[in-house]
Amino acid sequence: MTHETIQAGLAAALSDLGAAEAVIQLERPRDPTHGDVACNVALTLAGVLKRAPRQIAEEIVQRLDLAAMGVDTVEIAGPGFLNFRLSSGAVASVLTDILAADLGFGRSEQGASRSVMVEFVSANPTGPLHLGHARQAALGDAIAALLTWTGWRVHREYYYNDGGLQIERLAESVRARYLEHLGHEAEIPEGGYHGGYVRDIGAALAESFGTRFVEDASPEAMDEIRLFAVQIIRQEQDRDLSDFRVIFDEYYLESGLYTEGKVDATIAALKETGLVYEHDGATWLKTTKFGDQKDRVMIRSNGLPTYFVPDVAYHKHKWERGFHRVINVQGADHHGTVDRVHSGVRALGLPEGFPQYVLHQMVRVERDGVEVKFSKRSGSGMTLRELSEEVGVDVTRYFFQMRRPDAHMLFDIDAALDQSDKNPVFKVQYAHARMCSIFAKADVDPKQIAGVGADLSVLGHDLERELVKQLGDFTETLKRAADNTSPHMLCDYLEQTAAAANAWYHAGNPSRNPELAVLVDDPALRQARLILARAVQIVLRNGLIVLGISAPARLDRPTEPTSVDDA
RNA sequence: GCGCCUGUAGCUCAGCUGGAUAGAGCAUCGGCCUUCUAAGCCGAAUGUCGAAGGUUCGAGUCCUUCCAGGCGCGCCA
């Protein structure tokens with residue numbers, strides 16, 4: 001890799017200057033007139049060496065062996081940047097690597113096969129998945145994939161609360177709809193669920209059990225209704241998620257923490273710490289010791305634990321299962337629990353920073369410039385299914401992934417429905433399809449395009465150099481996106497790559513610049529450009545795979561005719 | 001009142017961990033269609049980076065204070 005040869009050359013020069021410890025940062029300048037690779041080491045050394053940055057830069061340049069570094073020229077620019085311009089061969093050498101690695105291009109081994117758990121969605125089984133869950137599903141799945149591509153062994157987990165007050169209210173709501181369905185008067189209880197799905201479950205309950213629960217509202221009967229309702233909702237959620245291409249390795253039930261004694265064990269372990277005290281008839285944990293705003297109740301005065309205890313028990317158990325890195329993807333409306341869980345697990349001796357949280361901000365949806373606020377189905381906001389059925393799974397996933405998790409976001413349905421390069425998902429997919437269409441036109445099997453042996457130095461056009469450099473950044477981009485748990489960094493990269501590929505492709509439009517087309521007569525040039533097109537295809541496809549988005553070889557024009565004159 | 005997140009072009013948002021003249025898409029304006037897919041292409045214009053201080057060779061980025069918006073602050077989950 002050329003970055004490494006430059007790094008080595010600079011290190012030798014710096015050691016000669018008595019600054020061997022200096023950190024060498026190489027970057028790709030945004031402005032192509034600043035060369036292919038830039039280094040700011042002369043600037044950072046100015047303070048240390050007590051000399052002007054430009055003077056230091058000149059001393060460095062005098063000690064460089066450019067040919068050995070694959071560099072054509074080096075310039076000192078601005079306040080003292082070193083700008084390297086690479087030889088064409090050095091630039092294009094990455095194409096050989098891309099074609100050789102193919103489906104594996106972009107993978108790295110940062111994770112060293114360590115285990116990491118990504119917990120996400122984790123909706124309670126009280127209703128359909130909504131927009132927040134959709135954002136979480138898209139983000140969590142992409143974060144998990146990024147970790148896989150950077151060498152981690154990833155476990156996708158879904159935690160759900162199958163007991164508690166919410167579920168009781170669901171059961172009561174279902175029974176009310178059930179009674180209505182059978183022609184009786186009934187009302188949804190205070191704090192109950194009003195969505196259309198509750199009516200469906202009530203009807204299904206009547207279908208399966210007849211009039212059995214009309215008179216019977218005993219605890220046993222309510223238990224049966226609860227289990228019935230939860231099962232139906234769980235099935236619906238699973239279907240929503242698998243249609244959204246999100247598959248979990250494990251579903252973890254909160255009730256298991258009780259039945260397996262983990263809640264009691266956690267209470268006992270917390271009492272051992274000496275941070276537990278009694279006050280007002282309740283049992284408290286001194287979470288303020290770990291930075292929480294106030295101490296938290298562990299056991300209420302009625303003797304029952306608060307939700308705080310199973311949360312801590314659950315995370316302790318994650319650690320014991322061997323997941324020493326855990327990433328929880330949650331909506332920002334849950335950020336209040338973060339300090340509590342951290343305090344609880346720290347009290348039990350687990351390290352700071354466990355678990356790690358990715359909190360995403362809230363989502364607004366607009367259609368025709370008007371905010372969409374209500375869904376009859378859910379009884380509140382739009383559901384994941386409604387959104388993904390309206391705009392498609394690819395677009396829904398991408399739109400949630402392309403924004404920073406901590407940005408409040410607007411989901412514009414009109415923009416999502418657009419089928420042109422204005423729509424970023426389409427732009428990336430189409431750039432991929434364009435490369436495929438070149439292979440079809442040339443009648444070559446892309447898999448048969450070989451990267452070795454070709455003369456890649458003929459790819460000397462600025463558009464080609466920029467495109468190749470862009471492709472070479474893919475692996476670094478995946479690492480950075482994984483390190484920052486930020487899929488949007490990959491989206492940005494793919495859009496830039498698609499833009500660079502489109503610019504190259506359009507410049508070579510045979511009606512304008514036949515000499516810049518891929519399919520030129522000169523066999524060596526044609527082969528080199530086919531290799532470049534193949535590399536573009538591989539990078540775009542691999543990027544889309546990471547995001548869980550399809551990479552079609554062809555996007556057909558819409559079949560409906562253009563609108564007829566209705567004047 | 002306290003805590004977390006956010007504030008960058010008319011709109012939606014990036015800004016690679018402190019670097020060069022702050023970017024992209026949409027919208028706007030100008031020029032291009034018998035295309036390796038014109039569902040497009042080329043070009044132009046667009047900024048008090050919420051405000052004020054501070055840190056240093058250098059700040060959209062770091063620190064302090066303030067302003068605005070979202071969310072959260074129960075012996076609910």
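Keep in mind that this is a model prediction, so the values were computed, not measured. Just so we're on the same page: letters track the sequence lines, and every chain starts at 1. Side chains included, hydrogens not; waters and symmetry mates left out as well; all remaining heavy atoms used.
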Separation of [N] [atom2] from [X] [atom1] (nearest whole Å):
X        : N      : atom1 : atom2 : value
A:Glu495 : B:rG23 : CD    : C1'   : 13 Å
A:Asp412 : B:rC11 : CG    : P     : 14 Å
A:Tyr430 : B:rA38 : OH    : P     : 6 Å
A:Ile438 : B:rU35 : CD1   : P     : 16 Å
A:Met362 : B:rC5  : CE    : C1'   : 10 Å
A:Arg364 : B:rG69 : CZ    : P     : 15 Å
A:Met409 : B:rC13 : CE    : P     : 7 Å
A:Asn423 : B:rC13 : CG    : P     : 15 Å

What pairs meet the ring pair (Phe, Tyr, Trp, His ring centres under 6.0 Å) rule with one or both residues in residues 403-423 of chain A, with sequence neighbours excluded? A:Phe399-A:Phe411, A:Phe400-A:Phe411

[N] versus [M] - spacing of their [atom1] atoms, nearest Å:
N      : M      : atom1 : value
B:rU8  : B:rG69 : C1'   : 16 Å
B:rA20 : B:rC57 : C1'   : 13 Å
B:rU6  : B:rU12 : C1'   : 15 Å
B:rA27 : B:rC11 : P     : 16 Å
B:rG60 : B:rC49 : P     : 8 Å
B:rG53 : B:rA14 : C1'   : 28 Å
B:rU55 : B:rC16 : C1'   : 23 Å
B:rC5  : B:rC42 : P     : 40 Å

So, A:Asp394 versus A:Gln429: side-chain donor-acceptor pair below 3.5 Å or not? yes

Return the nearest nucleotide to the side chain of A:Asp406; candidates are B:rA14, B:rC41, B:rC5. B:rC5

Assess the residue pair A:Leu257 and A:Thr266 against the criterion (side chain to side chain contact (heavy atoms under 4.5 Å, CB included)); give the C-alpha distance rounded to whole Å, side-chain angles, the decisive distance to 0.1 Å, and a yes or no. CA-CA 10 Å; A:Leu257 295 167; A:Thr266 297; over 6 Å; no

Produce a footprint string for nucleotides 15-21 of chain B: one letter per nucleotide, 5' end first; B if the base is under 4.0 Å from any protein heavy atom, S if only the sugar-phosphate is, - if neither. SSB-BB-

Quick tally for nucleotides 72-77 of chain B: nucleotides whose base has a protein heavy atom under 4.0 Å get B, sugar-phosphate-only ones S, the rest -, giving S-SBSB

Distance-only check: which donor-acceptor pairs under 3.5 Å involve side-chain atoms of residues 470-480 of chain A, not counting sequence neighbours?
| residue | atom | partner | partner atom | Å |
| --- | --- | --- | --- | --- |
| A:Gln470 | OE1 | A:Arg28 | NH2 | 2.7 |
| A:Gln470 | NE2 | A:Tyr493 | O | 3.4 |
| A:Gln470 | NE2 | A:Thr497 | OG1 | 2.9 |
| A:Asp473 | OD2 | A:Arg28 | NE | 2.7 |
| A:Asp473 | OD2 | A:Arg28 | NH2 | 3.2 |
| A:Glu476 | OE2 | A:Lys479 | NZ | 3.4 |
| A:Thr477 | OG1 | A:Asp473 | O | 2.8 |

Using the purine O4'-C1'-N9-C4 or pyrimidine O4'-C1'-N1-C2 torsion, is B:rU55 syn (within 90° of 0) or anti? anti

Assuming nearest nucleotide by heavy-atom distance, tell me which of A:Pro405 and A:Asp339 is located more 5' along RNA chain B. A:Asp339

So, is A:Lys422 near the phosphate of B:rA27, with a side-chain N or O under 4.0 Å from OP1 or OP2? yes

State whether A:Ser437 places a side-chain N or O below 4.0 Å from either non-bridging phosphate oxygen (OP1 or OP2) of B:rU37. yes

Report the residues that fulfil side-chain hydrogen bond (donor to acceptor under 3.5 Å, both in side chains) with [X], sequence neighbours left out, ordered by chain and then residue number.
X        : value
A:Thr485 : none
A:Arg169 : none
A:His315 : A:Lys318, A:Asn328
A:His34  : none

Please list every stem that involves RNA chain B, where a stem is a run of 3 or more consecutive Watson-Crick or G-U wobble pairs with both pairing distances under 3.5 Å. B:1-7 with B:67-73, B:10-13 with B:23-26, B:28-32 with B:40-44, B:50-54 with B:62-66

Report which part of the nucleic acid A:Tyr493 touches: base, sugar-phosphate, or nothing (heavy-atom distance under 4.0 Å, all strands). nothing

How is A:Ala433 classified with respect to the nucleic acid when contacts are heavy atoms under 4.0 Å: base, sugar-phosphate, or nothing? base

Enumerate the residue pairs fulfilling salt bridge (charged side-chain N to carboxylate O under 4.0 Å, His left out) with a member in residues 520-539 of chain A, sequence neighbours excluded, ordered by first and then second residue. A:Asp102-A:Arg534, A:Glu464-A:Arg529

Residue pairs fulfilling salt bridge (charged side-chain N to carboxylate O under 4.0 Å, His left out) with at least one residue in residues 427-438 of chain A, sequence neighbours excluded: A:Asp421-A:Arg434

More than 12 heavy atoms from other groups under 6.0 Å of CD on A:Glu278: yes

Could you give me the CA-CA distance, side-chain angles and deciding distance for A:Gln237 and A:Tyr158, then say whether side chain to side chain donor-acceptor pair (under 3.5 Å) is met? CA-CA 11 Å; A:Gln237 290 184 348; A:Tyr158 185 119; 2.9 Å; yes

Using distance only, find each side-chain donor-acceptor pair of residues 284-291 of chain A under 3.5 Å and give its atom names and separation, not counting sequence neighbours.
| residue | atom | partner | partner atom | Å |
| --- | --- | --- | --- | --- |
| A:Trp284 | NE1 | A:His279 | O | 3.1 |
| A:Thr287 | OG1 | A:Asp292 | OD2 | 3.0 |
| A:Thr287 | OG1 | A:Lys294 | O | 2.9 |
| A:Thr288 | OG1 | A:Asp295 | OD1 | 2.7 |

